[in-house]
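Reading through the structure tokens given below for one structure.
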Amino acid sequence: MRIILLGPPGAGKGTLAARLVEHLSVPQLASGDILRSQIRQGSDLGRTVQQYLDSGALVPDEIIVKVMISRLCQPDCSAGYILDGFPRTLPQAQALDASLVELESQIDLVLYLDADAEVIISRLSGRRVCPVCNATYHVDNIPPAVPGKCDRDGAELISRPDDAPDVVRTRLENYRRLTQPLLDYYAGVGRFHRLDGNKDISEIYQQALQVLGGVVSPVDES
Ligand code: AMP
């Protein structure tokens, strides 16, 4: 199962992807996480992209395309993957399609998480992330068991610097200008589905499972 998650920052793509990963046993390929990990490692790539992430600008297409196409060719992606945050521009989507043709592969499903501006702002301002494993929390909606600590590894949770209000404005503007046109690119194809990202994560997950045709008991899965 090869899935693309589309939607504005804060719509819940990462949180949904983390749940789908467990259900489908395929990796989550989160472009932002991959770039942040390169920055933490101090690699050449990390140094090149840092300025873009800090300011909320998109990394140039040719850089991110190379990173993500080589990632999805790794052996752990042979049974599928969930693309979270890529593609984000029309040229990225076209480059992905061209690579998939070469690989004799295809995307099975595009899930579009739609969310209202006020929901997005509240999600981003309350978002906390684990710098070690990238797990995502929200101070009210998805709190960790111990305040400020990651449930998985106990690391101190942080706010992402690009969740600061002025950077969020730039990211949302870039989303409207560069990423929204992708909805037309993928819409109208049978594999495109809109999910209501204003709902809480359990409901979004149930919507996604319905689309996937999965029948999973809420008791087991929520
Ligand atoms: P995210 O974690 O998906 O919100 O991404 C954080 C930042 O990483 C974005 O604001 C961009 O600077 C960069 N980034 C992530 N994915 C992409 C992409 N597909 N194209 C360009 N830049 C990206």
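Whatever order the structure lists them in is the order used to number ligands and atoms, beginning at 1. The structure displayed is predicted, hence computed values, not measured ones.
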At a 4.0 Å cut-off, with the gap strictly under it, does some heavy atom of K13 reach an atom of ligand 1? no

Quick one: do D163 and R171 make a salt bridge, cutoff under 4.0 Å? yes

By number and element, which atoms of ligand 1 are closer than 4.0 Å to a non-hydrogen atom of L35? 8 (O), 13 (C), 14 (N), 15 (C)

For side chain to side chain donor-acceptor pair (under 3.5 Å), just list the numbers for D97 and Y185, CA-CA rounded to whole Å, side-chain angles, deciding distance to a tenth of an Å, and then say yes or no. CA-CA 11 Å; D97 277 353; Y185 184 83; 2.4 Å; yes

Does S37 form a side chain to side chain donor-acceptor pair (under 3.5 Å) with Q41? I'd like the steps, not just the answer. CA-CA 6 Å; S37 127; Q41 288 166 34; 3.3 Å; yes

Do we get R128 above Y137's six-membered ring, with its NZ or CZ under 6.0 Å from the centre and within 45° of the axis? no

Given G85, A57, S55, G32, which one has a non-hydrogen atom that is nearest to atom 11 (C) of ligand 1? A57

At what distance is the nearest protein heavy atom to atom 22 (N) of ligand 1, and which residue and atom is it? V59 N, 3.0 Å

R2 versus S105: any side-chain heavy-atom pair under 4.5 Å? yes

Judged by heavy atoms only, the candidate from A30, S31, G10 nearest atom 15 (C) of ligand 1 is S31

Side-chain ion pair, R71 and D76, N-O less than 4.0 Å: yes

Proximity of I64 to ligand 1 by residue part, where a heavy atom lies under 4.0 Å: side chain

Against ligand 1, does P9 come closer than 4.0 Å with any heavy atom? no

Atoms of ligand 1 under 4.0 Å from any heavy atom of R171, numbered from 1 in the order shown, are 4 (O)

salt_bridge(D166, R169) N-O dist < 4.0 Å: no

Quick one: which of Q50, Q92, M68 has a heavy atom closest to atom 20 (N) of ligand 1? Q92

Measure the distance from atom 4 (O) of ligand 1 to every protein heavy atom, then report the residue, atom name and distance (to 0.1 Å) of the closest one. R160 NH2, 3.0 Å

Option whose closest heavy atom lies nearest to atom 18 (C) of ligand 1, chosen from Q51, R88, R36: R88

Within 4.0 Å of some non-hydrogen atom of L53, the atoms of ligand 1 are 7 (C), 8 (O), 12 (O)

Is it the case that over 12 heavy atoms from other parts of the model lie below 6.0 angstrom from the CZ atom of R152? no

